[in-house]
Amino acid sequence: MAYWLMKSEPGTFSIDDLAARPKGTSQWDGVRNFQARNYMREMKTGDEVFFYHSSCDDVGIVGIAKVVREAYADHTAFDPKDAHFDPKSKRDAPTWMMVDIKFVKKLKRTIGLAELKADRKLDGFILTRKGSRLSVMPVAAPHWKAILQKE
DNA sequence: GCCAACGTTGGC
DNA sequence: GCCAACGTTGGC
């Protein structure tokens, strides 16, 4: 079992939005970065995911979800009307993939970015690495545990 | 709104 | 293959 972190702007799709979906489940579409896509292809059913709110007043980890469907074609890339349309992605050879995740729980409080940056136990975490903009990333087991202990 | 950092594109 | 220009991300 592996651990991951996925970023979302709460103004677009928040942890509450995920919880409100039927069965608390949603596809994770719109990823258009190769490294992030590659990580999604590694995800296995049952893997756990930190849900992170970015570009908002309260930036940080807000909840936990789990992977319920492994990588498949992101069909929004085929739709010319979709904001994330990519003409280079073909139905018979999709460039972009998505997974489905399911709401598990909200944390009792947001574990803020500043707090994550300040924790020496989290050295090496991709999220807090200078200049990192990845929206999907792995979380090492010791890091996962250290973050949970902050709750 | 600003801007640093990064990824992508396209001319050469 | 190089690299400048451009677009995006995302914290502040």
Side-chain angles (χ1 to χ4, degrees), chain A residues 2-21 26-43 47-67 70-140 142-151:
Chain A
Y3 301 107
W4 307 93
L5 180 144
M6 295 169 114
K7 292 180 184 174
S8 185
E9 298 186 15
T12 304
F13 190 74
S14 70
I15 185 81
D16 292 325
D17 292 330
L18 177 64
R21 286 292 171 91
S26 176
Q27 63 191 27
W28 199 265
D29 58 280
V31 171
R32 297 292 180 268
N33 170 281
F34 288 101
Q35 210 175 343
R37 179 208 63 185
N38 293 346
Y39 283 133
M40 285 201 295
R41 286 204 291 220
E42 292 179 28
M43 291 182 180
D47 283 359
E48 293 191 280
V49 179
F50 277 138
F51 198 108
Y52 178 93
H53 280 176
S54 66
S55 298
C56 60
D57 291 341
D58 196 18
V59 167
I61 295 168
V62 294
I64 295 174
K66 65 179 179 182
V67 177
E70 295 175 11
Y72 60 107
D74 181 344
H75 55 75
T76 66
F78 307 138
D79 179 2
K81 291 189 293 296
D82 192 277
H84 300 290
F85 173 60
D86 180 357
K88 292 194 292 300
S89 184
K90 305 298 181 189
R91 286 181 186 278
D92 55 355
T95 306
W96 304 114
M97 312 294 286
M98 59 189 179
V99 298
D100 288 356
I101 65 167
K102 180 180 171 67
F103 176 81
V104 173
K105 66 167 191 169
K106 284 174 80 169
L107 300 185
K108 296 186 194 77
R109 65 183 188 89
T110 300
I111 300 174
L113 180 59
E115 191 179 348
L116 295 168
K117 281 180 176 171
D119 191 339
R120 292 278 71 80
K121 288 198 293 294
L122 298 178
D123 284 353
F125 189 18
I126 295 170
L127 181 76
T128 51
R129 207 176 280 168
K130 182 174 158 61
S132 174
R133 297 180 315 181
L134 257 189
S135 63
V136 176
M137 69 192 75
V139 181
H143 288 171
W144 179 275
K145 194 175 170 189
I147 292 165
L148 277 186
Q149 283 168 354
K150 294 171 165 299
E151 188 182 354

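- In terms of modelled atom types and a separation under 3.5 Å, the side chain of A/Asp74 and the main chain of A/Asp29 share no donor-acceptor contact.
- Atom OH of A/Tyr3 sits about 9.5 Å away from atom NZ of A/Lys145, to the nearest 0.5 Å.
- With A/Ser8 contributing its side chain and A/Phe13 its backbone, the two residues share a donor-acceptor pair below 3.5 Å.
- An angle of 10°, rounded to 10°, separates the two end axes of the helix from B/dG1-C/dC12 to B/dC12-C/dG1, each defined over five pairs.
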Q) Run the ring-ring contact (aromatic ring centres under 6.0 Å, His included) check on A/Phe51 and A/Trp4 step by step: do they pass? A) CA-CA 9 Å; A/Phe51 198 108; A/Trp4 307 93; over 10 Å; no

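- Looking at residues two or more places apart in sequence or on another chain, you find a side-chain hydrogen bond (donor to acceptor under 3.5 Å, both in side chains) between A/Arg120 and A/Asp123.
- Counting non-hydrogen atoms under 4.0 angstrom, A/Ser54 reaches the backbone sugars and phosphates but no base.
- Defined by atom type and a distance below 3.5 Å, a donor-acceptor pair is present between the side-chain atoms of A/Asp17 and A/Ser14.
- Between the side chain of A/His53 and the backbone N or O of A/Ile15 there is at least one donor-acceptor pair closer than 3.5 Å.
- Bounding nucleotides for the chain A contact on DNA chain B, 5' to 3', at a heavy-atom distance below 4.0 Å, are B/dA5 to B/dT9.
- Side-chain polar atoms of A/Arg32 and A/Ser89 form no donor-acceptor pair below 3.5 angstrom.
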